[in-house]
Amino acid sequence: MRFLVTAGPTREPIDPVRYLSNRSSGKMGYAIAEAAAEAGHDVVLISGPVNLDPPHGAKLISIATSEEMFDSVHQNIPDRDLLVMAAAVADYRPAQISNEKIKKRTANLSLELIQTRDVLGSLPRQDRHFAVVGFAAETENLEANALKKLREKDCDVMVANDARAGMEGDENEVIIFFRDGENKKISRAPKRIIARELVKIFENV
């Protein structure tokens with residue numbers, strides 16, 4: 001299969017030295033890319049800024065912002081069989097980016113944030129030649145929120161986890177929700193082990 005995997009956070013610039021981002025380490029996405037390559041699949045990995053070595057056997061495309069992630073996914077998806085959207089793409093970005101460093105002032109400072117473009121929501125819903133796996137990192141109502149995202153984003157599979165348990169660390173535990181209503185839980189384990197199990201599931205989507 002031809003995998004397209006996304007991983008890591010995005011950085012949304014405020015000024016030349018500051019940005020909005022999140023705690024995603026990219027470890028889960030990188031582990032999936034590596035496991036897919038080890039299983040003999042053709043893997044392209046689109047990665048936000050992380051401190052990880054590129055997975056052996058995968059083609060790496062480095063991006064920084066949500067706009068770059070959006071564009072890169074759309075550029076690479078036409079010849080892929082499966083999109084694994086493991087990246088933690090920012091939901092909002094500053095409405096304006098200052099060309100100069102914003103100086104500290106005595107008064108408070110407010111930033112206007114606008115929505116970023118929705119990668120999953122922008123994908124075709126009919127006559128789609130590739131399967132889509134979404135990820136839901138939640139802090140409450142994990143199952144309800146994951147199923148809602150599965151339906152609204154028209155994904156074939158949704159991998160959900162508690163964001164507080166999975167981000168930054170080397171271990172994770174996930175629940176995989178399928179379009180037909182079935183689900184499967186993978187108990188807490190190193191992310192590289194979970195990734196191998198996920199790739200086996202994705203092979204049959």
Side-chain angles (χ1 to χ4, degrees), residues 1-10 21-58 60 69 80-91 119-120 130-205:
M1 290 180 69
R2 298 167 298 175
F3 277 61
L4 178 60
V5 182
T6 70
T10 60
S21 191
N22 58 64
R23 292 169 47 205
S24 173
S25 66
K27 291 177 180 178
M28 193 72 253
Y30 271 59
I32 292 169
E34 185 166 9
E38 287 177 351
H41 299 292
D42 177 355
V43 182
V44 173
L45 172 64
I46 304 174
S47 175
V50 298
N51 294 311
L52 299 171
D53 293 328
H56 181 70
L60 177 65
M69 177 67 79
R80 299 285 105 185
D81 302 309
L82 177 71
L83 170 62
V84 181
M85 197 69 197
V89 182
D91 294 320
V119 178
L120 285 177
F130 54 89
V132 176
V133 177
F135 276 67
E138 303 292 342
T139 58
E140 61 180 355
N141 303 322
L142 187 147
E143 181 172 348
N145 287 332
L147 288 172
K148 182 173 183 285
K149 186 173 182 179
L150 175 74
R151 292 190 300 269
E152 290 184 351
K153 307 300 184 183
D154 196 34
C155 294
D156 299 284
V157 177
M158 185 62 61
V159 181
N161 73 291
D162 186 321
R164 294 162 295 195
M167 278 199 170
E168 298 182 303
D170 294 324
E171 295 186 342
N172 204 355
E173 58 182 304
V174 301
I175 305 176
I176 304 105
F177 297 94
F178 300 91
R179 191 190 288 273
D180 63 4
E182 295 295 316
N183 67 73
K184 176 181 175 61
K185 182 175 181 179
I186 301 179
S187 299
R188 190 163 190 83
K191 288 181 177 178
R192 68 180 187 280
I193 302 299
I194 292 177
R196 290 171 188 160
E197 291 301 309
L198 289 175
V199 168
K200 291 176 184 176
I201 292 170
F202 299 161
E203 289 171 339
N204 296 304
V205 171

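Nothing fancy with the numbering, it's 1 onward along the sequence.
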If you define the side chain from C-beta out and look only at heavy atoms, does anything of Pro55 sit under 4.5 Å from Leu45? yes
Looking at CG of Leu82 and CZ of Phe202, how far apart are the two atoms once the value is rounded to the nearest 0.5 Å? 7.0 Å
Do Val199 and His41 make a side-chain contact, defined as non-hydrogen atoms from C-beta onward lying under 4.5 Å apart? yes
Look up atom CD in Glu143 and atom CG in Leu150, then write down how far apart they are to the nearest 0.5 Å. 11.5 Å
Suppose we screen for side-chain hydrogen bond (donor to acceptor under 3.5 Å, both in side chains). Which residues come up paired with Asp162, at least two apart in sequence or across chains? Arg164
Find the distance between CD1 (Ile32) and CZ (Arg196) and round it off to the nearest 0.5 Å. 13.0 Å
Minimal heavy-atom distance between Gly29 and Ala7, with the atoms involved, is CA-CB, 3.7 Å
Do Phe178 and Ile201 have side chains that get closer than 4.5 Å, going by heavy atoms? yes
After noting the C-alpha distance and the side-chain angles of Leu60 and Tyr30, does the key distance pass the side chain to side chain contact (heavy atoms under 4.5 Å, CB included) rule? CA-CA 10 Å; Leu60 177 65; Tyr30 271 59; 3.9 Å; yes
Please report the closest heavy-atom contact between Val205 and Ala131, naming both atoms and the distance. CG1-CB, 3.6 Å
Are the side chain of Lys191 and the backbone of Gly169 linked by a donor-acceptor contact shorter than 3.5 Å? yes
Checking Leu120 against Lys149 for the side chain to side chain contact (heavy atoms under 4.5 Å, CB included) test, could you report, in this order, the C-alpha distance in whole Å, the side-chain angles of both residues, the deciding distance, and whether it holds? CA-CA 10 Å; Leu120 285 177; Lys149 186 173 182 179; 4.0 Å; yes
Asn145 side chain to Glu140 backbone, donor-acceptor under 3.5 Å: yes
So for atom CG, which belongs to Asp180, do other residues, nucleotides or ligands contribute more than 12 heavy atoms lying within a distance under 6.0 Å? yes
Asp81 side chain to Arg2 main-chain N or O, any donor-acceptor pair under 3.5 Å? yes
Using the side chain to side chain contact (heavy atoms under 4.5 Å, CB included) definition, which of the options Val5, Thr6, Val132, Ile46 pairs with Met85? Thr6
Does the side chain of Val174 reach to within under 4.5 Å of the side chain of Lys184, using non-hydrogen atoms? no
Quick check on side chain to side chain donor-acceptor pair (under 3.5 Å): which of Asn51, Asp170, Asn172 does Lys27 satisfy it with? Asp170
Under the side-chain hydrogen bond (donor to acceptor under 3.5 Å, both in side chains) test, residues paired with Lys153 that sit two or more places apart: Asp118
Gap between atom CD1 of Ile175 and atom CE of Met158 - 0.5 Å precision: 13.0 Å
Looking at Glu197 and Lys200, is there a salt bridge between them, counting it only when a charged N and a carboxylate O are closer than 4.0 Å? yes
Take Asp42 and Arg80 through the side chain to side chain contact (heavy atoms under 4.5 Å, CB included) test and state the conclusion after the steps. CA-CA 9 Å; Asp42 177 355; Arg80 299 285 105 185; 3.3 Å; yes
Please list, chain by chain and in numerical order, all residues satisfying salt bridge (charged side-chain N to carboxylate O under 4.0 Å, His left out) with Arg192, sequence neighbours excluded. none
I'd like to check Met28 versus Phe135 (side-chain heavy atoms, cut-off strictly below 4.5 Å). Are they in contact? yes
Smallest separation among heavy atoms of Ser24 and Ala88, with atom names: CB-CB, 3.7 Å
Would you check, one step at a time, whether the test side chain to side chain contact (heavy atoms under 4.5 Å, CB included) holds for Glu38 with His56? CA-CA 8 Å; Glu38 287 177 351; His56 181 70; over 6 Å; no
Minimal heavy-atom distance between Pro9 and Ser21, with the atoms involved, is CB-OG, 3.6 Å
Measure the spacing between CG of Asn22 and CD of Glu168 and express it to the nearest 0.5 Å. 9.5 Å
Looking only at heavy atoms, the pair that brings Ala37 and Val43 closest together is N-CG2, 3.6 Å
Leu198 versus Ile186: any side-chain heavy-atom pair under 4.5 Å? yes
Nearest heavy-atom pair of Glu203 and Ala39: which atoms, and what distance? OE2-CB, 4.0 Å
